[in-house]
Amino acid sequence: MDSKIFDKEVNLWVFEEEIDGRNLSDIINEEHENIKYLPGYKLTPNVVAIPDLVKAVSNADILVFITPHEFATQTCSRIAGHLKSGAFGISLTKGIHESPGSLRLTSDIIREILGIEISVLMGANIAKEVADEKFCEATIGCTNKKHGKIFKELFETENFRMTVVEDDETVELCGALKNIVALGAGFIDGLDQGDNTKAAVIRLGLLEMISFAKIFCKRPVQDRTFLESCGIADLITTCYGGRSRKVAEAFARTGRPIEELEEEILSGQKLQGPGTVKEICKIVRSKNMDDKFPIFVCIYEICCEGKPVSDFICCLQNHPQHASTC
């Protein structure tokens, strides 16, 4: 990062929580560690935790959105009218929002409420590995070339490499849809079906991701975007190491409610897969397209309608790609 271009101090809005009698924001500012959500990793002293949302954003030139997608509308509504003129943003948030029969992404919500230019960043980026400075890549979806250059310079390090593409809708959609496929990968792990079967889930899931994007994205979809870090790389990473996979495996093994497992396993972090598949299936079913997305629909039925996890194998066997019977 070029310090001549960017301010040294970074304001971090923190939803205030009390941990062992201390405010989380105080812990971050005094110990430079988020002991709840990323314990064991030191933040640089220039990251300043601020519990007042409006204060945190009021003088910002660039906004980085990383809140769970279900809080996007509420968060943006609170800061509307309080932003610096000319501010623009980038979203790392993964999720789909309810919009009968059409696709509505988190970037759409931010754009509609705040009236700012918004780009997206997605990729195969498990947080602890990024914090460990292990090499990884990410994809920036940005239609403004000037902003794309700024974001690349802002985020890129020797071990965190950025590729900028204009296909921002597809980049963002990949970040949401891969969490659905990861639920399927977790079911396979919970059923002890092995890596061959998981590979089939990844392949068939990717095909459905591509089909969904080409049908529902507002702008033309570039096939090469699925070969970027936001596409196949993030899909593979999430199907082996992501939160959705982990909780789905526990669900398949125990049969306990996903909400209960989420609270137990994720220590306050939010699970994106189930919420995303609900919204996706609303769109798919409103268009009578269940037959085009059998994996998405089956995962929804398992998560939300009580369908047995074991039926997922039959879904794979009967996938249109195979045209066999179960």
Side-chain angles (χ1 to χ4, degrees), residues 37-38 66-70 91-96 105-106 120-132 134-141 160-161 163 170-191 193-213 225-253 258 261-262 265-267 269-280 293 295-296 298-300 302-303 309 312 316:
Y37 296 106
L38 197 63
I66 56 173
T67 57
H69 80 280
E70 56 265 44
S91 172
L92 283 64
T93 300
K94 303 168 177 65
I96 306 294
L105 300 168
T106 298
V120 296
L121 186 153
M122 305 284 159
N125 309 139
I126 292 176
K128 288 187 177 182
E129 294 182 17
V130 176
D132 279 328
K134 295 178 179 179
F135 181 81
C136 61
E137 303 172 311
T139 310
I140 295 170
F160 192 36
R161 291 301 190 182
T163 300
T170 306
V171 171
E172 185 173 3
L173 189 56
C174 282
L177 295 181
K178 55 96 177 186
N179 283 317
I180 300 176
V181 182
L183 291 172
F187 295 157
I188 293 305
D189 289 337
L191 294 169
Q193 289 293 305
D195 285 341
N196 291 343
T197 311
K198 187 188 284 190
V201 172
I202 293 172
R203 185 184 79 85
L204 296 171
L206 178 61
L207 289 175
E208 292 194 15
M209 288 171 58
I210 294 171
S211 295
F212 188 91
T225 303
F226 294 95
L227 300 179
E228 299 289 352
S229 181
C230 64
I232 186 64
D234 195 11
L235 178 60
I236 292 170
T237 297
T238 308
C239 284
Y240 278 91
R243 297 193 295 264
S244 290
R245 187 222 62 81
K246 184 183 296 185
V247 173
E249 178 183 1
F251 174 75
R253 293 191 185 281
I258 285 180
L261 292 167
E262 175 187 35
I265 295 173
L266 301 185
S267 302
Q269 292 183 315
K270 302 301 292 182
L271 187 66
Q272 300 300 315
T276 301
V277 78
K278 288 178 185 177
E279 299 303 333
I280 289 298
F293 304 100
I295 286 184
F296 291 174
C298 185
I299 290 171
Y300 168 76
I302 291 170
C303 289
V309 178
F312 190 53
L316 299 176

Value rounded to 0.5 Å, distance of [atom1] in [X] from [atom2] in [Y]:
| X | Y | atom1 | atom2 | value |
| --- | --- | --- | --- | --- |
| Phe226 | Leu235 | CZ | CG | 10.5 Å |
| Leu266 | Arg243 | CG | CZ | 6.5 Å |
| Arg253 | Leu191 | CZ | CG | 8.5 Å |
| Glu70 | Gln272 | CD | CD | 5.5 Å |
| Asn179 | Leu183 | CG | CG | 7.5 Å |
| Leu121 | Ile66 | CG | CD1 | 11.5 Å |

Polar side-chain atom of [X] near backbone of [Y] as donor-acceptor pair, under 3.5 Å:
| X | Y | result |
| --- | --- | --- |
| Glu262 | Leu271 | yes |
| Lys198 | Cys239 | yes |
| Thr139 | Cys230 | yes |
| Thr238 | Lys178 | no |

Steps toward side chain to side chain contact (heavy atoms under 4.5 Å, CB included) verdict (Arg161, Phe135): CA-CA 8 Å; Arg161 291 301 190 182; Phe135 181 81; 3.6 Å; yes
Would you say Val181 and Val201 make side-chain contact, with heavy atoms under 4.5 Å?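 Heavy-atom side-chain distance check passes, below 4.5 Å.
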Sub-4.5 Å side-chain heavy-atom contact between Ile295 and Leu316: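 Yes - at least one pair of side-chain heavy atoms lies under 4.5 Å apart.
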So which atom in [X] and which in [Y] form the shortest heavy-atom distance, rounded to 0.1 Å?
| X | Y | answer |
| --- | --- | --- |
| Ile258 | Pro274 | CG2-CG, 3.9 Å |
| Ala252 | Gly190 | CB-CA, 3.8 Å |
| Pro68 | Thr93 | C-CG2, 3.9 Å |
| Phe312 | Gly184 | CE2-O, 3.5 Å |
| Ala138 | Phe160 | CB-CE1, 3.9 Å |

The test is side chain to side chain contact (heavy atoms under 4.5 Å, CB included); show your working for Ile126 and Tyr240 and say whether it passes. CA-CA 11 Å; Ile126 292 176; Tyr240 278 91; over 6 Å; no
Just to verify, what does Leu38 make a side chain to side chain contact (heavy atoms under 4.5 Å, CB included) with, not counting sequence neighbours?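 In terms of side chain to side chain contact (heavy atoms under 4.5 Å, CB included), with neighbours along the sequence ignored, Leu38 is linked to Tyr41, Ala127, Lys128, Ala131.
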Go through it in stages, so that I can follow the logic: the residues are Thr276 and Phe296, the test is side chain to side chain contact (heavy atoms under 4.5 Å, CB included), and I'd like the CA-CA distance, side-chain angles, deciding distance and then a yes or no. CA-CA 10 Å; Thr276 301; Phe296 291 174; over 6 Å; no
Report the residue from Glu172, Met122, His69 that forms a side chain to side chain contact (heavy atoms under 4.5 Å, CB included) with Lys94.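 Among the candidates, only Met122 passes.
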CA sep, side-chain torsions, deciding dist, call: Arg245, Asp189, side chain to side chain contact (heavy atoms under 4.5 Å, CB included): CA-CA 8 Å; Arg245 187 222 62 81; Asp189 289 337; 2.8 Å; yes
Between Phe293 and Phe212, how do the two ring planes meet: parallel, tilted or perpendicular, split at 30° and 60°?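 Perpendicular, since the angle between the ring planes exceeds 60°.
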